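Here the structure comes first, spelled out in structure tokens, and everything after it is commentary.
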Protein chains: 2
Amino acid sequence: MVTDSTDVLDATFHALSHPTRRAMLATLADGVERSVGELAAPFDVSLAASSKHLKVLEAAGLIERRVVGRTHSVRIDASPLAEVADWTEAFRACWEPTFARLDGVLEEMKRHRKARRDR
Amino acid sequence: MVTDSTDVLDATFHALSHPTRRAMLATLADGVERSVGELAAPFDVSLAASSKHLKVLEAAGLIERRVVGRTHSVRIDASPLAEVADWTEAFRACWEPTFARLDGVLEEMKRHRKARRDR
DNA sequence: CGAATCCGTAACCATGTGGTTGAATATCGC
DNA sequence: GCGATATTCAACCACATGGTTACGGATTCG
């Protein structure tokens with residue numbers, strides 16, 4: 001069965017469907033906090049448009065905002081991506097139908113299980 | 001660097017942002033071909049609306065259509081999901097810092113601390 | 001204090017989305 | 001050929017999206 005937390009996935013997939021928002025997330029992927037202005041700089045749109053994009057990301061729970069003085073400091077919260085990964089992985093057999101990587105996958109599962117056990 | 005084939009990911013993420021379309025894909029995940037009517041049956045919308053959903057999935061390359069007689073037979077093509085998986089996996093370290101890619105994460109933390117120190 | 005900076009909000013516009021209903025097209029069964 | 005079936009297409013509607021410009025609210029700097 002393919003599980004589906006509709007609300008989360010709706011918002012997350014929608015947030016990821018725009019290249020500007022994906023690029024912003026990619027920028028934040030190093031874990032460093034950045035201001036709205038810093039995040040908007042690489043893109044050829046107004047600050048207001050960038051602000052809207054960040055609001056979409058925030059609504060999806062993909063970023064968190066910390067207001068410090070007059071600047072809004074933004075950092076990534078990638079936890080919704082875990083659901084995306086889970087959802088997508090459920091289809092892996094559909095695009096990788098051969099058993100070529102079966103060994104690797106089994107190894108992966110063992111390590112994953114061990115890691116979970118050791119946690 | 002987080003790679004990004006914009007066009008594919010735009011269309012794919014958008015296609016996945018609607019629960020009905022995700023459910024249709026999930027239905028097709030077993031690899032069995034189904035007619036438009038069969039796919040539309042579980043949902044409380046008109047056939048025309050379902051047809052539109054399928055067109056979105058088709059535009060994203062997530063399904064393929066084979067017209068046989070008067071029925072359109074639809075099957076999954078999950079290959080765009082591979083890109084989604086790749087894109088998402090690049091962020092795994094962001095939500096699973098405990099054991100996934102531990103080395104990378106440690107490096108990340110060092111840089112992060114340095115960045116904070118240098119600020 | 002006053003000016004500059006960082007950022008959000010409001011109003012606006014063009015276009016897209018998700019839904020409907022109703023008609024058109026093509027095929028199957030009789 | 002005729003009626004039923006499967007599906008798309010077209011027109012319409014309410015609303016969301018992505019963009020703009022203009023303004024306002026804090027906050028920092030001089």
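Quick caveat: nothing in here was measured; it's all calculated off a predicted structure. Residue numbers start from 1 in every chain, and the chains themselves are labelled A, B, ... in the order their sequence lines are given, proteins ahead of strands.
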I need the CE-P distance between A/Met24 and C/dC7, as an integer number of Å. 11 Å
Is there a path of hydrophobic side-chain contacts, each under 4.5 Å between heavy atoms, that joins B/Phe43 and B/Ile63? yes
Given C/dG16, is OP1 or OP2 found less than 4.0 Å from the side-chain N or O atoms of B/His14? no
Examine C/dG19: is either OP1 or OP2 under 4.0 Å from a nitrogen or oxygen in the side chain of B/Ser46? Give yes or no. no
Inspect the contact between B/Glu58 and B/Lys55 and indicate whether a charged nitrogen and a carboxylate oxygen are less than 4.0 angstrom apart. no
Does the side chain of B/His18 get closer than 4.0 angstrom to OP1 or OP2 of C/dG19 through an N or O atom? yes
Base, sugar-phosphate, or nothing: which does B/Ser35 touch, judged by heavy atoms less than 4.0 Å apart? sugar-phosphate
In terms of ring plane angle, is the pair A/Trp87 and A/Phe13 parallel, tilted or perpendicular, where the classes change at 30° and 60°? perpendicular
For the pair B/Leu16 and A/Leu16, evaluate side chain to side chain contact (heavy atoms under 4.5 Å, CB included) and give the outcome as yes or no after the intermediate values. CA-CA 10 Å; B/Leu16 298 180; A/Leu16 298 180; over 6 Å; no
Starting at CZ of B/Arg65, measure out to OG1 of B/Thr71 and round the result to the nearest 0.5 Å. 11.0 Å
By nearest-nucleotide position on DNA chain D, the 5'-leaning member of A/Ser17 and A/Ala48 is A/Ser17
Want to settle it: does A/Val45 or B/Ser51 sit nearer the 5' end of DNA chain D, counting the closest nucleotide to each? B/Ser51
Go through residues 59-74 of chain B and report each residue with a non-hydrogen atom lying under 4.0 Å from DNA chain C, sorted by number. B/Gly69, B/Arg70
Expected output: side-chain B/Thr27 to main-chain B/Ala23 donor-acceptor under 3.5 Å: yes
Round to the nearest Å and state the distance from A/Leu39 atom CG to C/dC6 atom C1'. 13 Å
Does the C/dG19 base have a donor-acceptor partner in the side chain of B/Lys52 within less than 3.5 Å? yes
In whole angstrom, what separates B/Phe13's CZ from C/dG16's C1'? 20 Å
Can you tell me if A/Lys55 touches the phosphate of C/dC7, counting only side-chain N or O atoms and a distance under 4.0 Å to OP1 or OP2? no
